[in-house]
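Notes follow once the structure below has been shown.
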Amino acid sequence: MRIGALKLKAQVYCGDELAMGPGKADLLEAIDGEGSISAAGRTLGMSYRRTWLLADEMNRCWKERLVDTTAGGGAGRGARLTPMGREVLSAYRALERRLQAAADGEPMGDLLGLLRDEPLAAG
């Protein structure tokens with residue numbers, strides 16, 4: 001049973017395109033850890049195509065690229081976060097923490113005080 005659960009999902013848009021959200025932040029962290037867009041996708045259970053599309057979308061939305069890539073396999077190849085990528089990821093994670101802290105504060109407590117434990121039966 002969940003009583004008064006609040007789900008927050010911060011999404012930052014560039015025009016009509018999603019520039020950053022929880023999934024894209026997770027992808028940036030995976031790229032940073034794996035050193036490869038395709039390996040990051042495997043880690044997250046995403047297709048190769050999907051990971052490349054998401055990385056491209058992020059690179060097109062921000063003033064500077066978030067992910068740099070070098071084609072092919074082997075030493076010196078793969079993907080890495082740019083300094084801008086690290087800055088955007090850090091700022092986004094800070095925003096998530098602040099939103100969660102706000103959700104855990106007094107206004108949420110006030111709202112929960114007005115909420116039933118279970119909804120009334122329909123009808």
Side-chain angles (χ1 to χ4, degrees):
M1 171 181 13
R2 290 187 345 197
I3 298 174
L6 176 64
K7 180 180 179 181
L8 297 174
K9 184 163 99 172
Q11 295 180 316
V12 179
Y13 282 84
C14 174
D16 291 335
E17 292 202 30
L18 180 60
M20 183 59 59
K24 286 183 176 175
D26 291 346
L27 178 57
L28 288 179
E29 289 174 342
I31 290 169
D32 193 36
E34 297 292 336
S36 160
I37 291 175
S38 58
R42 285 191 298 275
T43 297
L44 297 173
M46 298 168 72
S47 73
Y48 175 81
R49 176 172 166 68
R50 180 76 178 137
T51 57
W52 276 96
L53 290 173
L54 291 173
D56 178 64
E57 188 173 50
M58 285 186 283
N59 281 341
R60 291 184 295 105
C61 285
W62 297 93
K63 290 183 178 182
E64 297 175 24
R65 296 174 62 83
L66 303 189
V67 178
D68 270 342
T69 59
T70 305
R77 306 286 191 227
R80 67 175 184 83
L81 297 189
T82 65
M84 175 68 106
R86 291 183 189 287
E87 184 176 349
V88 168
L89 178 59
S90 177
Y92 179 79
R93 292 302 193 200
L95 173 64
E96 284 183 318
R97 287 189 299 276
R98 292 192 69 180
L99 288 170
Q100 189 59 54
D104 292 339
E106 186 178 329
M108 184 62 184
D110 293 345
L111 190 60
L112 289 177
L114 303 172
L115 186 67
R116 295 179 185 276
D117 289 343
E118 293 287 331
L120 297 175

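Since we're looking at a predicted model, the values are computed, not measured.
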Check: Does some side-chain heavy atom of Trp52 sit less than 4.5 Å from a side-chain heavy atom of Thr69?
Finding: yes
Item checked: Beyond-backbone contact of Leu81 with Val67, side-chain heavy atoms, under 4.5 angstrom -> yes
Next item on the list: Count the heavy atoms of every other residue, nucleotide or ligand shown that sit under 6.0 Å from CD of Glu17, and state whether that count exceeds 12.
Entry: yes
Note to self: I'd like to know if Arg93 pairs up with Glu29 as an ion pair, taking the criterion as any Lys NZ or Arg NE/NH1/NH2 lying under 4.0 Å from an Asp or Glu carboxylate oxygen.
What the structure shows: yes
Notebook entry, point to check: If every non-hydrogen atom of Met20 is compared with every non-hydrogen atom of Leu66, which pair is closest and at what distance?
Noted result: CE-CD1, 4.0 Å
Note to self: Between Pro22 and Tyr92, is there a side-chain heavy-atom distance shorter than 4.5 Å?
What the structure shows: yes
Check: Is there side-chain contact between Arg60 and Cys14, with heavy atoms separated by less than 4.5 Å?
Finding: no
Check: Applying the 4.5 Å side-chain criterion to the ILVMFWY set and letting contacts propagate, would Leu27 and Leu95 be lumped into a single cluster?
Finding: no
Note to self: Tell me whether Lys24 contacts the main-chain N or O of Glu57 through its side chain, where contact means a donor paired with an acceptor under 3.5 Å.
What the structure shows: no
Notebook entry, point to check: Is any side-chain heavy atom of Val88 closer than 4.5 Å to a side-chain heavy atom of Met58?
Noted result: no
Notebook entry, point to check: If you look at every heavy atom in Leu28 and Gly85, which pair is closest and at what distance?
Noted result: CD1-O, 4.3 Å
Note to self: When you measure from the side chain of Ser90 to the backbone of Arg86, do you find a donor-acceptor pair of N or O atoms at a distance under 3.5 Å?
What the structure shows: no
Next item on the list: Of all the heavy-atom pairs spanning Tyr48 and Ser38, show the shortest one and how long it is.
Entry: CD1-CB, 3.4 Å
